[in-house]
Amino acid sequence: MENQSKYRVVAKAVKHHGDAGEQVYRASYRILDHIGEEIEASTGTHDFKDITSAFNEAFALGHERLRAMGVETLQ
């Protein structure tokens, strides 16, 4: 089957409290195979004040990891 070697990134921003008690977001991603099984998950180390920056970072980290793995992504 053609899609067996393809993967996708599911990115999200995880809300938590920073060192000073403020609300911050951290990037988190999962890499799924062609049938939706998780093959890897990771959380970033940098806190963002806005959700959009954390989400964008999660997406970038996930795709960077896919490139490092040398696999194709689902469109």
Side-chain angles (χ1 to χ4, degrees):
M1 187 170 201
E2 177 181 328
N3 286 339
Q4 287 184 342
S5 65
K6 295 190 179 191
Y7 298 86
R8 64 186 162 124
V9 173
V10 177
K12 66 180 179 177
V14 179
K15 180 173 50 173
H16 67 100
H17 295 287
D19 294 336
E22 76 280 18
Q23 181 174 298
V24 293
Y25 299 90
R26 188 164 288 185
S28 177
Y29 71 84
R30 295 182 306 141
I31 296 176
L32 307 178
D33 67 11
H34 71 287
I35 59 171
E37 294 290 325
E38 182 178 292
I39 62 163
E40 185 171 308
S42 185
T43 300
T45 58
H46 183 74
D47 290 334
F48 295 92
K49 292 183 180 182
D50 66 293
I51 195 169
T52 301
S53 294
F55 176 79
N56 289 341
E57 175 76 1
F59 198 67
L61 289 171
H63 279 278
E64 181 179 306
R65 180 65 182 130
L66 282 178
R67 281 191 296 279
M69 293 168 63
V71 298
E72 290 182 65
T73 61
L74 290 171
Q75 297 298 323

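Nothing here was measured: the structure is a model prediction, and the numbers come from that model.
The two residues Ser28 and Thr43 have their closest heavy-atom pair at OG-OG1, 3.8 Å. When every heavy atom of Ala27 is checked against every heavy atom of Ala54, the shortest pair comes out as CB-O, 3.3 Å. Pairing each heavy atom of Phe55 with each of Ala13, the nearest pair is N-CB, 4.0 Å. When all heavy atoms of Gly44 and Leu61 are compared, the closest pair comes out as CA-CD1, 4.3 Å.
The shortest side-chain heavy-atom distance between Lys12 and Val14 falls under the 4.5 Å cut-off. Phe48 is not listed as a side-chain neighbour of Arg26, based on a closest heavy-atom distance of 4.5 Å or more. Looking only at side-chain heavy atoms (C-beta outward), Met69 and Ile31 come within less than 4.5 Å of each other. In this structure the side chain of His16 reaches within 4.5 angstrom of the side chain of Val24, judged on heavy atoms. Taking 4.5 Å as the limit, some side-chain heavy atom of Ile39 sits within range of a side-chain heavy atom of Tyr7. Side-chain contact between Lys15 and Gln23: present, with at least one pair of heavy atoms (C-beta onward) separated by less than 4.5 Å.
A donor and an acceptor atom, one from each side chain of Ser53 and Asp50, are located under 3.5 Å apart.
For the pair Glu22 (side chain) and Ala20 (backbone), a donor-acceptor distance under 3.5 Å is present.
There is a path of hydrophobic side-chain contacts, each under 4.5 Å, that joins Leu66 to Phe59.
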Inset, instruction - Walk me through it: do His63 and Tyr29 pass the test side-chain contact (heavy atoms from CB on, under 4.5 Å)? - result: CA-CA 9 Å; His63 279 278; Tyr29 71 84; over 6 Å; no
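Between Arg30 and Glu40, no side-chain nitrogen of the basic residue sits less than 4.0 Å from a carboxylate oxygen of the acidic one, so the salt-bridge criterion is not met.
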